[in-house]
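Everything on this sheet refers to the single structure shown next.
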Amino acid sequence: VALILDASRSMLDEVEGRRRMDVARDAMLQIAPGPLTQRRASLVSFGNDRVNECDNIPIIHPFGSDDVRSTLDAIQALEPAEPGEGEESLFGSPLYRALEVAMDTLPTEAEEASIVMVTDGIDACDRNICELVPTLQDCSITVDILASDVDPVLLGQLACVPAGTGGALLPSDNLTSISSYVSLLSRAAQGESVDLQPYI
């Protein structure tokens, strides 16, 4: 499984009195430890670049690494970066590129794999993530997306990837449902059979 955590500047906005970044971080800290400890996960982030959020997709945890403690510390420390005074910045959420980078971290010999992305928005770097569906299908990669506080009007722009790969799009606009979504994503990341009905 490849994990993707959104750290773009829009994550500084709040949902029910908490920053989106804190909600997303809490979700990832529940999802990540199991797969990371079993050395069958990678983790990438995006957006946490004060100059160009669209191009910088750092790999926080290479697939198979056993340095789990440092990775969990990195998740806890991850913050959206804001430009300095007088500094121009390209602002956006590079979902397309993040999915590409996440795919590249997965072992090529895997018969099937999963990507789990926690984000608060759609691709704002002028790429259409729907175009990645055929490649994901060819690689037998399912994609689950936890969309935290995403405008319902925009959710359709995310739905094509989970729908096309057999994954789940889990829109959440309130904190009480986060734990249920995390439970589903955690089981999906473990490769177990998941009954979606309780979460619909």
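Atom set for the values below is all heavy atoms of this structure, side chains included, hydrogens, waters and symmetry mates excluded.
In this structure, CG on N56 lies 10.5 Å from CZ on R97, to the nearest 0.5 angstrom. Rounding to the nearest 0.5 Å gives a distance of 9.5 Å between CD1 of I141 and CG of L99. How far OG of S114 is from CG of L3: 8.0 Å, rounded to the nearest 0.5 Å. Rounding to the nearest 0.5 angstrom, the gap separating the CE atom in M11 from the CG atom in L78 is 9.0 Å. Rounding to the nearest 0.5 Å gives a distance of 5.0 Å between CD1 of I129 and CD1 of I145.
The closest side-chain heavy-atom distance from F46 to I4 is below 4.5 Å. Annotation: side chain of I60 is not in contact with side chain of V44 (no heavy-atom distance under 4.5 Å). Within the 4.5 Å cutoff, side-chain heavy atoms of I115 are placed close to those of L136. In this structure, L170 and D144 have side chains that are not in contact, with every pair of non-hydrogen atoms separated by 4.5 Å or more. In this structure, P80 and M21 have side chains that are in contact, with non-hydrogen atoms separated by less than 4.5 Å. Considering only heavy atoms from C-beta on, L132 comes within 4.5 Å of M103 through its side chain.
Considering every non-hydrogen atom in both S140 and E111, the closest pair reads CB-O, 3.3 Å. Minimum heavy-atom separation, A2 to A102: CB-O, 3.7 Å. In terms of heavy atoms, V116 sits closest to I31 at CG1-CD1, 4.3 Å. Closest approach of S42 to T105, counting heavy atoms only: OG-OG1, 2.6 Å. Counting all heavy atoms, side chain and backbone alike, L95 lies closest to T119 at CD2-OG1, 3.8 Å. The two atoms that bring V1 and F63 nearest to each other are N-CE1, 4.2 Å, heavy atoms only.
Using a cutoff of 4.0 Å between basic side-chain nitrogens and carboxylate oxygens, D6 and R20 are not scored as salt-bridged.
Applying the salt bridge (charged side-chain N to carboxylate O under 4.0 Å, His left out) criterion to D104, with sequence neighbours excluded, gives no partner residue. Residues meeting the side-chain hydrogen bond (donor to acceptor under 3.5 Å, both in side chains) test with R19, sequence neighbours left out: D22, E79. Contacts of C139 classified as disulfide bond (SG atoms under 2.5 Å apart), with partners at least two apart in sequence or in another chain: none.
In the model, S70 has a side-chain atom that pairs as donor or acceptor with a side-chain atom of D67 under 3.5 Å.
Checking side-chain atoms of T165 against main-chain N and O of V161 turns up a donor-acceptor pair under 3.5 Å. With hydrogens and angles ignored, the 3.5 Å screen pairs a side-chain donor or acceptor of R25 with a backbone N or O of I75. The closest donor-acceptor contact from the side chain of S45 to the backbone of L5 lies under 3.5 Å.
When each of T37, L36, L43 is paired with L72, the side-chain contact (heavy atoms from CB on, under 4.5 Å) condition holds for L36 and for no other.
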